[in-house]
Enquirer: 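Questions regarding the structure given below will be posed in turn.
Just the heavy atoms: all of them, side chains too, but no hydrogens, waters or symmetry mates, feed the values below. In each ligand, atom 1 is the first atom listed, and ligand 1 is the first ligand listed. Keep in mind that what you see is a predicted model, and the values were worked out from it rather than measured.
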Amino acid sequence: MQPFAYRKIHDVAAAIAQGAGEPNTVFLAGGTDLVQLLQDGIARPAGIVDISDLPFSSIATTIDGMRIGALAKLADVADHPQVRAHYPALATALGETASPMVRNMATTGGNLLQRTRCLYFRDGVSSCNKREPGSGCGALRGEDARAALFGASEACVATHASDLAVALLALDAEVLVAGPAGERSIPVERLHTLPGDTPWIDSDLEPGELISAIFVPRGAAGWAQAYAKLRHRASFEWPLVSAAVSLAVVDGMIEDARVALGGVAHKPWRAEDVETLLIGRELDPVLAREAGEAATEGARPLAGNAAKIPLLARVVSRALADAGGLP
Ligand SMILES: Cc1cc2nc3c(=O)[nH]c(=O)nc-3n(C[C@H](O)[C@H](O)[C@H](O)COP(=O)(O)OP(=O)(O)OC[C@H]3O[C@@H](n4cnc5c(N)ncnc54)[C@H](O)[C@@H]3O)c2cc1C
Ligand code: SF4
C-alpha cells in the first residue's frame with residue numbers, strides 16, 4: 001500500500017477545504033470499499049480525510065419527503081419504519097445489499113460512490129482505462145459477464161454496482177452536496193456519468209464536494225413500488241441485473257411510472273420507453289412480460305454478457321409483478 005496522510009476531521013467546512021485544497025485527496029466514510037481498494041493498490045491517494053464523524057447520520061421525515069444522511073448506515077435505513085412504510089423499493093434494495101456485517105459499516109454516500117466491480121479494474125494488473133487512463137480496456141476483449149448493455153464506450157464497458165442508486169432513481173431522489181462553492185442538489189439521474197472517453201470519472205462531483213444527504217420526495221411515497229435483483233448467489237453479492245419500479249396506480253390504471261435498471265450501464269439506467277409503455281395501461285402479467293421485453297431493446301451485448309438480456313427481461317417483469325401484487 002502506498003503511504004498517505006490520514007486526517008479525521010469533525011467539521012464540514014474543514015473537510016471540504018481539505019478535500020479541495022490538496023490534490024489526490026479522498027474522503028473515507030465506512031471504508032468498506034475504499035479500504036479494499038487501498039489494500040489492493042488500486043486507490044493510491046496522497047491524502048485521506050476521514051469524514052465518519054461529520055453530522056450526516058440522521059434519517060428524518062420532512063414535510064415534503066425524507067432526508068437520509070450520507071453517513072447513515074445501510075442497515076439503519078433499511079430498518080427505518082418510515083422507509084419500510086413509504087419507500088419499500090428502497091428498503092428491499094438495501095435489505096438485499098451485501099451482508100448484515102457490511103450493511104452495519106457501509107454508508108449511503110459511500111454506496112453511491114463505490115467503484116465498479118469490473119474484474120479487470122479490480123485485479124490491479126490488467127489493462128484498464130478507468131484505473132490507468134490510456135492503458136486500454138481488458139473487459140472489451142475479455143469475458144466479463146458484468147459488462148454493460150447500454151451506454152458503454154470503446155474506452156470502458158463497466159457497470160455501476162449500487163443497489164441503492166437504482167431504487168433512488170425510480171423514486172426520483174436527489175443527492176444533496178456541500179462543496180467549496182456552497183451547497184447544491186443533483187438528481188440521482190445526473191449523479192453518475194457515462195464513460196465516454198473519460199472512464200476514470202464516475203460522478204458529477206467536483207474536488208472537495210461531499211454528499212451530505214439524500215432527499216427522497218414525498219410523491220413516491222404513495223406509489224406502488226418494488227425492487228428485484230438477480231445475482232450469482234443468494235446473498236453477499238452485487239446485482240448482475242436489477243430493476244426498481246415506482247407506479248402511480250389509480251383505479252387499476254397506471255397514471256405515471258418510473259423504471260430504473262441496475263447492473264446494465266456505467267450509471268443506474270432509466271428505462272423511459274418502458275415507462276411510456278406502462279402509462280395508461282392496466283398492470284397484469286401480460287403487460288409485465290411485455291415491459292420486460294421492452295427493457296432489453298437497444299441492448300448491445302459483448303461476447304461474455306449476452307446472458308444478461310433474458311435476465312433483464314425477467315427482473316423487470318418480476319419488479320412490476322411485485323409492485324402490482326401479481327403472482
Ligand atoms: C462483501 C461485500 C458485498 C457487497 N455487496 C453489495 C451489494 O450487493 N450491493 C451494493 O450496492 N453494494 C455492495 N457492496 C458495496 C458496499 O455497499 C459499499 O462498499 C459501501 O456502501 C460503501 O460505503 P462506505 O461508507 O464503506 O464507503 P467508503 O468505502 O468509505 O467510500 C467509498 C467511496 O465513496 C466516497 N465517499 C464516501 N462517502 C462520501 C461522501 N459522503 N461524500 C463524498 N464521497 C464519499 C469515498 O471517497 C470512496 O471513494 C458490498 C461490499 C462488500 C465489501
Ligand atoms: S470496462 Fe472499464 S473498468 Fe473494466 S477494464 Fe474496461 S476500462 Fe477498466
Side-chain angles (χ1 to χ4, degrees), residues 12 15-16 19 25-38 42-43 45 48-52 54 56-57 69-75 93-99 101-123 126-142 144 146-148 152-167 175-179 191 195 199-200 202-203 205-214 229 231-233 235-240 242 262-263 266 268 302:
V12 176
I16 291 169
T25 295
V26 297
F27 297 118
L28 176 74
T32 59
D33 192 36
L34 184 57
V35 171
Q36 189 67 60
L37 293 169
L38 292 169
I42 296 165
I48 289 190
V49 176
D50 185 339
I51 58 169
S52 57
L54 295 186
F56 292 158
S57 300
L71 289 171
K73 298 293 193 309
L74 303 187
L94 289 173
E96 295 196 5
T97 293
S99 62
M101 198 167 67
V102 174
R103 291 198 293 275
N104 277 317
M105 290 278 294
T107 65
T108 58
N111 182 280
L112 294 178
L113 297 177
Q114 65 179 292
R115 307 224 60 199
T116 181
R117 302 310 302 176
C118 174
L119 302 174
Y120 303 87
F121 171 78
R122 294 265 165 184
D123 72 12
S126 297
S127 302
C128 174
N129 288 322
K130 189 182 281 296
R131 179 169 29 76
E132 296 285 347
S135 65
C137 171
L140 205 53
R141 296 176 305 280
D144 194 347
R146 292 187 183 276
S153 71
E154 283 297 306
C156 179
V157 294
T159 52
H160 198 267
S162 165
D163 287 296
L164 170 66
V166 178
V175 167
L176 310 182
V177 171
L191 175 65
W200 50 92
D202 286 346
S203 82
L205 295 185
E206 299 290 338
E209 281 195 318
L210 277 169
I211 299 180
S212 57
I214 293 160
K229 168 177 179 179
R231 46 192 158 174
H232 283 299
R233 53 185 178 185
S235 66
F236 219 64
E237 184 60 293
W238 288 264
L240 193 55
S242 68
H266 201 254
L302 301 171

Enquirer: Which atoms of ligand 1 have any heavy atom of Gln114 under 4.0 Å away?
Expert: 10 (C), 11 (O), 12 (N), 15 (C)

Enquirer: For atom 41 (N) of ligand 1, grab the closest protein heavy atom and report residue, atom and distance to one decimal in Å.
Expert: Ile211 O, 3.0 Å

Enquirer: Tell me which protein heavy atom sits closest to atom 4 (Fe) of ligand 2, plus the residue, atom name and distance to 0.1 Å.
Expert: Cys118 SG, 2.3 Å

Enquirer: Checking contacts here: is it the side chain or the backbone of Glu237 that comes within 4.0 Å of ligand 1, counting heavy atoms only? Could be both or neither.
Expert: backbone

Enquirer: Taking distance alone, with no angle check, do Phe27 and ligand 1 share an N/O pair under 3.5 Å?
Expert: yes

Enquirer: Is any N or O atom of Ala98, backbone or side chain, closer than 3.5 Å to an N or O atom of ligand 1?
Expert: yes

Enquirer: Give me the nearest non-hydrogen protein atom to atom 1 (S) of ligand 2 as residue plus atom name, then the distance to 0.1 Å.
Expert: Val157 N, 3.2 Å

Enquirer: Could you tell me which atoms of ligand 1, counted from 1 in the order shown, lie closer than 4.0 angstrom to a heavy atom of Ser162?
Expert: 11 (O)

Enquirer: Which ligand 1 atoms does Ala70 reach within 4.0 Å, using its non-hydrogen atoms?
Expert: 41 (N)

Enquirer: Suppose we only count N/O/S atoms under 2.8 Å; would Cys137 qualify as near atom 6 (Fe) of ligand 2?
Expert: yes

Enquirer: Using non-hydrogen atoms of the residue, decide whether Ile51 is closer than 4.0 angstrom to ligand 1.
Expert: yes

Enquirer: For atom 8 (Fe) of ligand 2, what's the nearest protein heavy-atom neighbour? Residue, atom name and distance, please.
Expert: Cys128 SG, 2.3 Å

Enquirer: At what distance is the nearest protein heavy atom to atom 24 (P) of ligand 1, and which residue and atom is it?
Expert: Gly30 N, 3.5 Å

Enquirer: Would one find an N or O of Gly31, backbone or side chain, under 3.5 Å from an N or O of ligand 1?
Expert: yes

Enquirer: Among all protein heavy atoms, pick out the one at the shortest distance from atom 5 (S) of ligand 2; state its residue, atom name and that distance to 0.1 Å.
Expert: Tyr120 CB, 3.5 Å

Enquirer: With nothing but distance in play, are any N or O atoms of Val35 less than 3.5 Å from an N or O of ligand 1?
Expert: no

Enquirer: Should Thr116 and Trp238 count as side-chain neighbours, where that means a heavy-atom distance under 4.5 Å?
Expert: no

Enquirer: Counting only heavy atoms, which portion of Ser212 has something under 4.0 Å from ligand 1: side chain, backbone, both, or neither?
Expert: neither

Enquirer: For ligand 2, does Ala155 get within less than 4.0 Å through its side chain, its backbone, both, or neither, judged by non-hydrogen atoms?
Expert: backbone

Enquirer: Going by heavy atoms, is Lys229 under 4.0 Å from ligand 1?
Expert: yes

Enquirer: Would you check, one step at a time, whether the test salt bridge (charged side-chain N to carboxylate O under 4.0 Å, His left out) holds for Asp33 with Arg115?
Expert: CA-CA 8 Å; Asp33 192 36; Arg115 307 224 60 199; over 6 Å; no

Enquirer: Which residue owns the protein heavy atom closest to atom 17 (O) of ligand 1, what's the atom, and how far is it?
Expert: Asn111 ND2, 3.0 Å

Enquirer: To the nearest 0.1 Å, how far is atom 18 (C) of ligand 1 from its closest protein heavy atom, and which atom is that?
Expert: Thr32 OG1, 3.4 Å

Enquirer: Look at atom 2 (Fe) of ligand 2 and say which protein heavy atom is nearest, naming residue and atom and giving the distance to 0.1 Å.
Expert: Cys156 SG, 2.4 Å

Enquirer: Taking only heavy atoms of Ala161 into account, list the atoms of ligand 1 that are under 4.0 Å away from them.
Expert: 10 (C), 11 (O)

Enquirer: Backbone or side chain, does any N or O of Ala29 fall under 3.5 Å from an N or O of ligand 1?
Expert: yes

Enquirer: Within ligand 1, which atoms have a heavy atom of Thr107 less than 4.0 Å away?
Expert: 21 (O), 23 (O), 24 (P), 25 (O)

Enquirer: Any chance you could lay out the side-chain contact (heavy atoms from CB on, under 4.5 Å) test for Met105 and Leu74, step after step, and finish with the verdict?
Expert: CA-CA 8 Å; Met105 290 278 294; Leu74 303 187; over 6 Å; no

Enquirer: Against heavy atoms of Leu34, which atoms of ligand 1 measure under 4.0 Å?
Expert: 29 (O)

Enquirer: For Leu164, is at least one N or O under 3.5 Å away from an N or O on ligand 1?
Expert: no

Enquirer: Identify the closest protein heavy atom to atom 51 (C) of ligand 1: which residue and atom is it, and at what distance?
Expert: Trp238 CZ2, 3.3 Å

Enquirer: Can you report which non-hydrogen protein atom sits closest to atom 34 (O) of ligand 1, along with the distance?
Expert: Leu113 CB, 3.4 Å

